[in-house]
Amino acid sequence: VPAAPAELTACFSVEGAAREAVIAAVRDSGLARDAGPGVLMLAGPRASVLDALGSALDAALRAGVRGLDVKLEAPTESRG
């Protein structure tokens, strides 16, 4: 049985010390995945992804990141 698609995914690029800080901030969520060189993806239930994304953004800003592009995607199949 195929797994249902994530309700929400958030993808963003972050590198260096900021990447390590972001990963540490979202590690306990269990939502973080590598999505390519320097790209981190959070995927799962909508509320959980948004919560983890807030933690990731806070960690990135504290690590000195001054700008971050985030791509959010909510697959049609998961919108009920």
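Residues take their numbers from the sequence shown, with the count starting at 1.
- Residues V49 and A43 come closest through the heavy atom pair CG2-C, 3.7 Å.
- Note on L57 and I23: same hydrophobic cluster, where clusters join Ile, Leu, Val, Met, Phe, Trp and Tyr whose side-chain heavy atoms are under 4.5 Å apart, directly or indirectly.
- Heavy atoms only, all atoms of each residue included: S55 and A25 are closest at O-CB, 3.8 Å.
- Note: L53 CG to L8 CG = 8.5 Å, rounded to the nearest 0.5 Å.
- Between E20 atom CD and E15 atom CD the span is 11.5 Å, to the nearest 0.5 Å.
- V22 and L61 fall into different hydrophobic clusters, where Ile, Leu, Val, Met, Phe, Trp and Tyr residues are linked whenever their side-chain heavy atoms come under 4.5 Å apart, directly or through other members.
- In the hydrophobic clustering of ILVMFWY residues, with side-chain heavy atoms under 4.5 Å counting as a link, V39 and L68 come out apart.
- Residue L40 holds its CG atom at 4.5 Å from CZ of F12, rounded to the nearest 0.5 Å.
- Atom OG in S13 sits 8.5 Å away from atom CZ in R19 (nearest 0.5 Å).
- A donor-acceptor pair under 3.5 Å is formed between the side chain of E7 and the backbone N or O of R46.
- Scanning both residues, L31 and A52, for their nearest heavy atoms gives CD1-CB, 4.1 Å.
- Hydrophobic clustering (ILVMFWY, side-chain heavy atoms < 4.5 Å, transitive): M41 and L50 are in distinct clusters.
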In sequence, state the C-alpha distance, the side-chain angles, and the governing distance for T9 and L72, and then conclude on side chain to side chain contact (heavy atoms under 4.5 Å, CB included).
CA-CA 6 Å; T9 60; L72 298 173; over 6 Å; no

